[in-house]
Amino acid sequence: MLIKAKRLTTDPPPDPDLVSDGGPPPAGAAAGSVAPGRSNNLWERSQGREDVSMPTNAPSPFVRPYRPADREAVADVCVRTALDGGDSRDLYPDLRLMPAIFAEPYCHFDPDLAFVLDDGAGRAVGYVIGTADTERFVKDFRRTWIPRLTDRYPAPAAPPRTPSEEMIGLLHHPERMLVPELVAYPAHLHIDLLPARQRRGHGRQLMGALLNALHEQGVMAVHLGMVTANTAARAFYDRLGFHEVPVRDPGPLTYLGRATADD
């Protein structure tokens with residue numbers, strides 16, 4: 001399974017607020033039995049966190065819903081975190097390619113499940129995006145998203161020869177997101193922050209916003225796929241209550257899931 005691999009730097013010790021998701025092929029949500037209407041404690045707790053490391057005269061970053069004006073900034077974050085958690089422009093010179101696969105379709109089909117970290121001056125410097133129903137998302141991707149892009153990214157007629165051609169192959173195979181072992185986890189997500197915005201609690205805030213929104217929609221659980229070697233990201237997700245979901249032949253990925261509300 002070909003993926004967009006992302007890895008956080010592992011030089012410092014794993015940090016619970018260091019975040020960039022380990023890869024894109026996703027599909028579902030972890031099963032959880034939580035009463036409808038229950039508040040999401042992770043989100044509530046996250047709102048009380050202070051970014052004490054920021055200068056007192058700097059604008060205060062905050063999490064807010066995505067809006068169409070954020071499209072270019074979200075695409076930029078995607079590009080700058082798409083290669084092992086860092087800048088992917090040298091490997092994928094077409095700056096529309098990675099966002100067209102791993103960011104923009106979520107903002108298009110599920111804008112109510114897209115949240116950004118605003119730098120305090122109106123620019124998105126991180127995001128969390130997802131879908132409540134992976135099966136529906138894949139159908140929409142196949143039916144209406146791919147046709148929008150085929151002129152720019154035609155379906156491959158031969159095996160890929162470049163990293164960009166590998167990604168174009170993923171674009172034309174959204175069914176990769178339908179993993180049988182994840183059928184109990186109908187939602188999935190991606191989360192990315194620019195490196196300068198990591199280690200400040202913002203990843204926890206973004207995740208809390210999405211979990212709360214999913215729970216309010218009646219979705220009981222969610223999953224994500226991450227690069228197994230990304231131990232720092234795994235520590236972050238573990239601290240947020242994610243657990244491993246066994247998948248046959250997962251390739252370089254580990255799949256994690258959790259309930260959308262805290263116990």
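Note that the structure is a prediction, hence the values are computed from the model and not measured.
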Report whether Val138 and Leu170 are members of the same hydrophobic cluster (ILVMFWY, side-chain heavy atoms less than 4.5 Å apart, transitive linking).
yes

Do Val77 and Arg80 have side chains that get closer than 4.5 Å, going by heavy atoms?
no

Closer than 4.0 angstrom, basic N to acidic O: yes or no for Glu175 and Lys139?
no

Euclidean distance, Leu210 CG relative to Gln205 CD, rounded to 0.5 Å
14.0 Å

Partners meeting ring-ring contact (aromatic ring centres under 6.0 Å, His included) with Phe242 (sequence neighbours left out)
Tyr237

Rounded to the nearest 0.5 Å, how far apart are OG1 of Thr134 and CG of Leu182?
8.0 Å

Please determine whether a side-chain nitrogen of the Lys or Arg among Glu104 and Arg148 lies less than 4.0 Å from a carboxylate oxygen of the Asp or Glu.
no

Roughly how far apart are Leu253 CG and Asn230 CG, rounded to 0.5 Å?
11.0 Å

If you compare all heavy atoms of Arg176 against all heavy atoms of Ile101, which two are closest, and at what distance to 0.1 Å?
NH2-CG2, 3.8 Å

Look only at the side chain of Arg197 and the backbone of Pro61, and say whether a donor-acceptor pair between them is shorter than 3.5 Å.
no

Distance-only side-chain donor-acceptor flag, Thr131 / Arg136, under 3.5 Å
yes

Show the nearest heavy-atom pair for residues Ala132 and Leu113, with the distance to one decimal.
N-CD1, 3.5 Å

Evaluate the ring pair (Phe, Tyr, Trp, His ring centres under 6.0 Å) criterion for residues His172 and Phe141: first the C-alpha distance (whole Å), next the side-chain angles of each, then the deciding distance (0.1 Å), finally the verdict.
CA-CA 9 Å; His172 285 273; Phe141 198 106; 9.1 Å; no

Set of residues satisfying ring-ring contact (aromatic ring centres under 6.0 Å, His included) with respect to His108, sequence neighbours excluded:
Trp145

CG of Asp112 to OH of Tyr66: how many Å apart, nearest 0.5 Å?
12.5 Å

Any non-hydrogen side-chain atom of Leu149 less than 4.5 Å from a side-chain atom of Leu171?
yes

Of all the heavy-atom pairs spanning Pro65 and Phe115, show the shortest one and how long it is.
CA-CD2, 3.8 Å

Closest non-hydrogen atoms of Val116 and Leu206, given as atom of the first, atom of the second and distance, are C-CD2, 3.7 Å

Kindly give the heavy-atom pair with the smallest separation between Leu193 and Gly203, and that separation in Å.
CD1-N, 3.6 Å

Side chains of Ile168 and Leu97: closer than 4.5 Å at any heavy-atom pair?
yes

NE2 (His202) and CG (Leu194) are apart, to the nearest 0.5 Å, by 11.0 Å

Do Asp192 and Val74 have side chains that get closer than 4.5 Å, going by heavy atoms?
no

Side-chain donor/acceptor of Thr228 to backbone N/O of Pro252, under 3.5 Å:
yes

Arg204 side chain to Arg200 main-chain N or O, any donor-acceptor pair under 3.5 Å?
no

Indicate yes or no: does Asp76 engage Arg123 in a salt bridge with an N to O separation below 4.0 Å.
yes

State, without any angle test, whether Asp94 and Tyr153 hold a side-chain donor-acceptor pair at a distance under 3.5 Å.
yes

Which residues share a side-chain hydrogen bond (donor to acceptor under 3.5 Å, both in side chains) with Arg89, sequence neighbours left out:
Asp87

Could you give me the CA-CA distance, side-chain angles and deciding distance for His190 and Leu224, then say whether side-chain contact (heavy atoms from CB on, under 4.5 Å) is met?
CA-CA 7 Å; His190 297 291; Leu224 59 89; over 6 Å; no

Does Leu214 offer a backbone N or O that forms a donor-acceptor pair with the side chain of Thr260 under 3.5 Å?
no

Donor-acceptor pair, Asn212 side chain versus His215 backbone, under 3.5 Å?
no

In the structure I gave you, are the side-chain heavy atoms of Tyr127 and Leu117 within less than 4.5 Å of one another anywhere?
no

Between Tyr255 and His243, does any side-chain donor sit less than 3.5 Å from a side-chain acceptor?
no

Is there a side-chain contact between Leu189 and Tyr106 (heavy atoms, below 4.5 Å)?
no

Spacing of OG belonging to Ser164 relative to CE belonging to Met98, to within rounding of 0.5 Å
8.5 Å

Counting neighbours of CZ on Arg143 that are heavy atoms of other residues, nucleotides or ligands and sit closer than 6.0 Å, is the number greater than 12?
yes

Can you find a pair of side-chain heavy atoms, one from Leu211 and one from Val222, that are under 4.5 Å apart?
yes

With a 4.5 Å limit on heavy-atom distance, are the side chains of Pro105 and Phe137 in contact?
yes

Measure across Pro147 and Thr150 and return the closest heavy-atom pair with its distance rounded to 0.1 Å.
O-OG1, 3.3 Å

